[in-house]
Structures are given as C-alpha cells and as structure tokens.
Amino acid sequence: MELLLIAFLVPVLVGAGAVVALDRPVDEPQVKVLEPPAPEPVTVPAPVEAPTVEEEAVVEPEPELAPDPEPEVIAEPEVELEKPAPAAGRLARLRARLAKSNNVFSQGLLALLAQDDIDEDVWDEIEETLLISDLGADPALELVDRLKERVTVEGTRDPESVRAMLREELVAMVDPAMDRRLSATRKDDKPAVIMVVGVNGVGKTTTVGKLARVLVAEDREVVLGAADTFRAAAAEQLTTWGERVGVQTVRSEQEGADPASVAFSAVETGIAQEADVVLVDTAGRLHSKANLMEELGKVKRVAEKQAPVGEVLLVIDATTGQNGLAQAKVFTEAVNVTGIVLTKMDGTAKGGIVVAIQRQLGVPVKLIGLGEGADDLAPFEAEAFVDALIAS
Amino acid sequence: MFNTLTERLSSTFKNLRGKGRLTQADIDATAREIRRALLDADVAVPAVREFIAHVKERALGEEVSEALNPGQQVVKIVQNELEEILGGETRNIQLAKNPPTVIMLVGLQGAGKTTLAGKLSKHLKQQGHTPLLVAADLQRPNAVKQLEVNGERAGVPVFAPHPGVSSEHEDPTGDPVEVARAGLEEAKTRQHDIVIIDTAGRLGVDQELMQQASDIRAATNPDEVLFVIDAMIGQDAVATAQAFNEGVGFTGVVLSKMDGDARGGAALSVKYITGKPIMFASTGEGLDDFEVFHPDRMASRILDMGDVLSLIEQAERTIDKSQAEKMAQKFVDQEDFTLEDFLDQMQQLKKMGSMKKMLMMMPGAQGMRQQLEQFDDSQVNRIEAIIRSMTPYERNVPKIINGSRRARIAAGSGVHVSEVNTLLERFREAQKMMKRMAAGGGIPGMPGMPGGGAGGRRTHRKGKGKAKNRKQQRFGNPARAEAEARKEQERQAKKATQEIGSAFGAGADPKDFDPSQLNLPKGFEKYLK
C-alpha cells in the first residue's frame, strides 16, 4: 500500500519523459542507455602559479631539498611545541613501506613474469593481481590489454622488459604529469583555505592535524577550523593537534553547532591574523546522505563569503573498494574536490581505487598517509607509488 | 555503458533467446559479465574465481526455461548461489547458558565498532536483556567518551574505569585486558545478563594489538566475537578477515555502513574466506539503524538489482498508517486524488530520506536511470512550494486553476508559470492513470502488457504502471520473473477472469488473486493487502 503512494508520485516528479523511456520494448537496446554517461573530467582549477611558495610535490626525495623545518613558534608557553619532520624526506619512507605492505602484489607479479612463456593463464593472473590492488575491473582489463598488445607488437618475451612495460603503463595510468601541488599560499591578501572532507572513519581529523604539521614545517602560518561539530570530541582532538605545533584552533563551544558558522569564523580568524593557510576539518558523512552533502555545500559556500576555498581535499581510506569512485563523484558534485588524500596505507590494503578516481574524475591524489605517526603524511608521487608497487 | 548487471546481460544475450540449452559459449559470455559485476561490487578476487567456477559447473547443461533468456537464467543461478552462500546459516546471538553472555567486538579502525556497541546494546535491551557496555578501547582518542554517549542514548550503563586517551599524542595507558575482565566481574555482581566489550580498532598487520585482542578473548571467554567490517571495504577484506580470524578468531560478522551505496561484496568475501555467518547489518548513524542480515537482499544488492523489500520496510516504518489507508480507500472508491493528497504523500516520503535514492531503489529504476540521474531532490521542494502557493480549494479541485491563478501561484512560489503548468499536467496524467487502474482497466500507453516474462521485466515498467507491476512482476529477480512468466501464460489463457488490473495493489479483488502463487519473497504478503 505504501508503494502505491510512491507509485503515484513517480510520474509527477520524474515526469512524462520517464514514461516514454520505459515504454520501449525490452529487446531494443535503449539508445540513451548505450551512451556512456561521459564522466566529465572535472577541471581542477589550476593552482595559480606561485612557484616560490607553492608546496611542490616533491620531485626528488633528497633531504637536502627540504625547506627549513623550523616551525614558527607562537607564544603559547604552556605547551612545548614540537618540530615536525620536513615533508620532503618523507617519500623515501614511502618506498620502503609500500614495498612492505604490497608484498603479495609485487611478489606475485614477479613470479609470474619470471616465467619464460607468457600464456593466457599468466595474463589472467596478472589481471587478478591488479584487481587485488583495488584498481577496479575496467582499468585492470585495460592495462592487461595494452600490455598484451605491446608484448605482441614488440615481440618480446623477456620478463624483465614486460615488467618494465607494466611499470610504464602503470605510471602512465597514475599520470605523473598531474599537478599535485597543494594551494597553500596567500592569494589576494587572503589566506588559502583548505577544506577536508570524506566519509566516516577515514581519518579526516588526523589528516588535518598532520597537514597542519607539514605546513608548519614549511613555515606557513596556519589556523585550524573544527567544523566537525557532530562527532563527540572531534574538536578537542583537533585542538590537541594544533596545540602541539602552536597553531590556533577555531571551534564552537557547544556541540552540534552549525559547522558552516565555525568554518566562517575560522576563515575570519585566518584573515585577521594574516595566516597563510586556514584548514577546515568537517564531519564525516556518507555520500549517499543528500542532506549531509547539502550541509557540506553550505559549509563551503559560507566559508567562501570570507575567502575563496582554494582546495578541497577528499580523504579516502586505502581499504576502500570500488565505492570510492562513487564517493569521489558525489563529493565532487557537492564541493568540487580538488585533491585526494589516501590514508591508512600502512595496512595490507593497496589503495588502487585512487587510480580509478584520478582517471575518471581527473582529481589528482595529492597526499598519502603512511601510518599512525604524526609525520606520516607525505606528498604523493606517481613514479614512487608505482615503483613501490612493483618493486621486489 | 550499462549500469547494471541485468542491463549488461540483456545486451549480451539479446540474440540468444530461444536456445534449448545453455551452451558453454553462453555460459562463458555470461560468466565474464558476472565476474565483472562481482568485482565491481568488491567481492574478493579469490572468492570471485571460485564462485564463478562453481556457477559455471552448475549452469552447464541446464534446461533453458522458456521464460528466461540464457543470461537471465545464469543470473538466476548466480543469485540462488549467492543467497545460499550468504545465508547458509544465519543465526542470532547465542546466549550463554549461565549469564552473563559475553559479546566482544573486533575490527579495523573506523569500521564502526563503538557505534555498533551502542546499537547492539539497544537492540538487546529492547529484547528484555540488561546489557552492560565495557569500554576496552583505550587506544583511539575519545573512544571511551563516545561509548559513554552511545550508552546514555541507548539507556545502557557503561563500564569505563579508564578514561582512555583524548588525543593521538598521549600514549595509551591502562590495560584493556584488565578492563574487560573487571567489566565481566562488574556485570556478574550487578546482574547484567549481557556484556558487550568494545575493543580498539587495529590493522590486521599489527601484531601487538592483535595479541591484545586475543588476550581479551582469553580473559573473558566471550560467547560471541563479532567482527565488524565496513561494507565499503575493497579487496583488502580478504587479508583483514583472515588476519582477524587467525589472530583473534570470531564467531560472527557484522556489516557496517550499509546505508551507503556500496554494494558490499565484502560480505561474500568474508563468508567465503572464513565461513563465519553474517549476523547483522548496521545501516546508519542512529542507534536504531541496525537490522538482522538478510541474505536475499544482500544477494540482490551485490548484483545491483534493487532492493525493494528494504524500501517497503522503510516506507512502512515512516509512513503514517492511517494516511496510507485513507489513500487506499480513495483508490478503491475511485475518488480523485487531489494535490492535497499528493502533498501529504510527498511529505511522508521526504521523511524517508533522499527522494532520488528512493526512486532509484524502485524496481525498474534501471530503466529510468537516465531520468532519475537528472532528478534532483531540490525539485521536490519546488513542487512543494508550488502546491503550497495554491489555496486549499485549488488543491482539491485543480481544474479551476485558470491563467490568472497560475500566474499568482507562480509568483507565490517563485517559479515560472511553465513549471506550474508542467506540474498540473503531470498531475492530471497521474490522476487519470490512477483512476483507470482502479477501474481495473489496462494501463494507458502500455500496449500488450506482457505479464513479466523474460525481457519484459526490465523496461516496460514505467512510473505509471509501478504499483501494478509491483505485484505482477518480480523486479529483476529472475527466479521470480520465471515464476511470474509461468503465471502469465495461465493468466493470458483466462484473461477474462484474471484481469491484469485485478492483480493490482489496493484495488485487487482477493478472489482473483492469490499471492501465495506468486512466489513472492517471504513476508511480502502483508504488503499486498
């Protein structure tokens, strides 16, 4: 009976168009459906060229390139401020850790490619190994097909060169040319505003905390905004992160306050203090909850009344499967995500879904969380990522 | 690109109808699509491999039903298999002979253990138990506090002798094993018959924490160890489940975050890898968003076939009974539906959450995915605004709305007159359709009205025919579609007595229609009244 009610609503809401489409006999392929839904590449607003101060995705992980790691000490006598490790040296560790966590992946591939003869079974297994990294069915199939083709064309049977090809193709897929810089520079005399969003339990607050440390290490003046007013004690957690490096956290005294107003005052404070960056933490929300996504849109809109939000980082947990794509799509629709942060890479998960996200939405992975340590957030670099994946 | 397995398979098999028997080639082609569907649903690769092999074996040589094309038939087999595996042995919490029953929760960080502890305690409390929550997660910042809040909301006492940590930078102090043990003692003295122990989230590779969980297990000897896993997890489900099964050992599985749109292939993976039953599904942030696991729905969800039963249940929970009855009565009496009714219904439905999501769950939504994609929940608000700008009399007798009234309504609701027109036009159509359906006639614009045989299932269902098809067809489940197709043949034979319209919802004449013949899912009958 309840469905009867719904049934009545549908034609009115969706309109006659729906009826026409449904009228078609089943056997005729629906022309509309056949059209690929054209995943429109989201144009990532190109960060304004400000070469001197932009935090570059580290090109070479040599520590000597590291900027002066001295954090700016703000007078807050009761807390002993920590000196976060520089961001630059971090990538070196990525390699070691990824190699460790991706044992199955790399060893499997090596063993396969070490065989003299590459037959259909081997290809299947290569594909499965790619699938296990959560790369997704389409990209994995595509990669294997391209590899097959190249092996045929170039007539090589040498496992080493096939491996080199695999690396090349993977790198191409991860696309090292993407702009992975974080826009964290004052613009038009206003601080850069970075918003951090994501579903529940992926580590947003921790990421904001770690990112604040990175920025402090790069000598930026940072203000934190605790716009996660939903989860019990999220603001306290963020405040603690801030205090450790002498960064002020703007928060609401009462729980359940309007997150948009917290974001607004955070940016306001940032402007008043002439900070370089305002980092806004938001509450975790499932992308399928329309009202919560609207709320997120509001947070951004309201914050932008003060200063443009130049960067929206979507945090994705490495264990996330194909649903990550849906998350990225919906969050992009709501707040125009400009970068991905991949967290929890210290487990056994491989985080291959970010490759699919990058490909489909054109949103680059910008940062990668390697563990629970405070300085375990590193800039993402395509080549190192892939190297680590297929390194022995 | 096709969005659902059914669509993909239909396209693969559109030329293959009418073969006598499934051939190897048919099965191989179908198997590829099913494999992809499973992979897209995040079913673990080894599980997919094994599963497909199994299905192939079973499908080979199977008689081709006249009603189903080979693709659908394989899907049917797949779905049966899935249900079998997922539901092999669903069971409830096993209570200890000598209380207290100890339930321990384990899982990865962020899987939702603490939230689940609150939900589970509430669930058990509602069943007349007196649970005690024990805060043994001293690792995550504020986990203890969160559990206390949840306990308070559920009205369940929380045993938290240790405050835990409040930020990442404090080193965890206190011994969770000791807390668990003390919690158990506390429960005994205070006569709680169930103890729920919330433990720290951990990575599968973290030896130390794994050992800790295993120590808690040894110290408290729980009757149930529930492994909480996020429905969004990908291929890592295998490694995680294995690590927990070997490291701690668990007796049952809870799928969390099922309110998202993840298809939850992890359910299948975990079941495959560990053989442990999936017991509950956690479906939201509220403490009541907790339900017993339904294998059949999960199977449909993994295969992306819509989830009608959940929709109905949700509707039942939120929709006002007396309202619904009033509507049904109107329908039977063939009264005109008014815009007032429409507004009421819309408000009811809004309570159920995103209208778009709900419409997507409607059987046959696949066919209108294109339209639905463009549908925006904010349109609902506009429509509401338009109706609210009408006088009560206009709402009840929409035909008096003339040009000047339209202009006024448009101005009042801040829309263009054309939008008011569109709404009124659609409304008139829907009104007519409802009337005709109630009169037992056919559905306008649906010539032939095939009952729901092979192909008909998917696309000919349209918004207008929705309620009718609800009963007559089985929404994307080939098993039911098959049964339905058989029915249809009989039906056509004696069309005079068994008018299609008579098999329709509220207007149905019980004499002509026997729900039990329809092979409906369990519990469906009550919705047919």
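We use all heavy atoms of the structure for the numbers below, so side chains are in, but hydrogens, waters and symmetry mates are not. Nothing here was measured: the structure is a model prediction, and the numbers come from that model. Reminder, nothing fancy here: chain letters follow the sequence lines and each chain counts from 1.
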Find out whether B:Leu39 and A:Leu131 are in side-chain contact, i.e. whether some heavy atom of one side chain is under 4.5 Å from a heavy atom of the other. yes
Between A:Thr319, A:Ile353, A:Leu286, which has the largest tally of heavy atom pairs under 4.5 Å with chain B? A:Thr319
Non-hydrogen side-chain atoms of B:Gln235 and A:Glu128 separated by less than 4.5 Å: no
So which atom in B:Arg36 and which in A:Ala137 form the shortest heavy-atom distance, rounded to 0.1 Å? CG-CB, 4.3 Å
From the options A:Val199, A:Val202, A:Asp317, select the one residue that forms a side chain to side chain contact (heavy atoms under 4.5 Å, CB included) with B:Met232. A:Val199
Heavy-atom cut-off 4.5 Å, strictly under: side chain, backbone, both or neither for A:Glu294 against chain B? neither
Which residues pass the side-chain contact (heavy atoms from CB on, under 4.5 Å) test with B:Asp42, not counting sequence neighbours? A:Asp134, A:Gln322
Who pairs with A:Ala326 by side-chain contact (heavy atoms from CB on, under 4.5 Å), at least two apart in sequence or on another chain? A:His287, A:Asn323, B:Asp261
dist B:Thr115:OG1 -> A:Asn200:CG (nearest 0.5 Å) comes out at 8.0 Å
Using a strict cut-off of less than 4.0 Å between a Lys/Arg side-chain nitrogen and an Asp/Glu carboxylate oxygen, indicate whether A:Glu127 and B:Arg49 qualify as a salt bridge. no
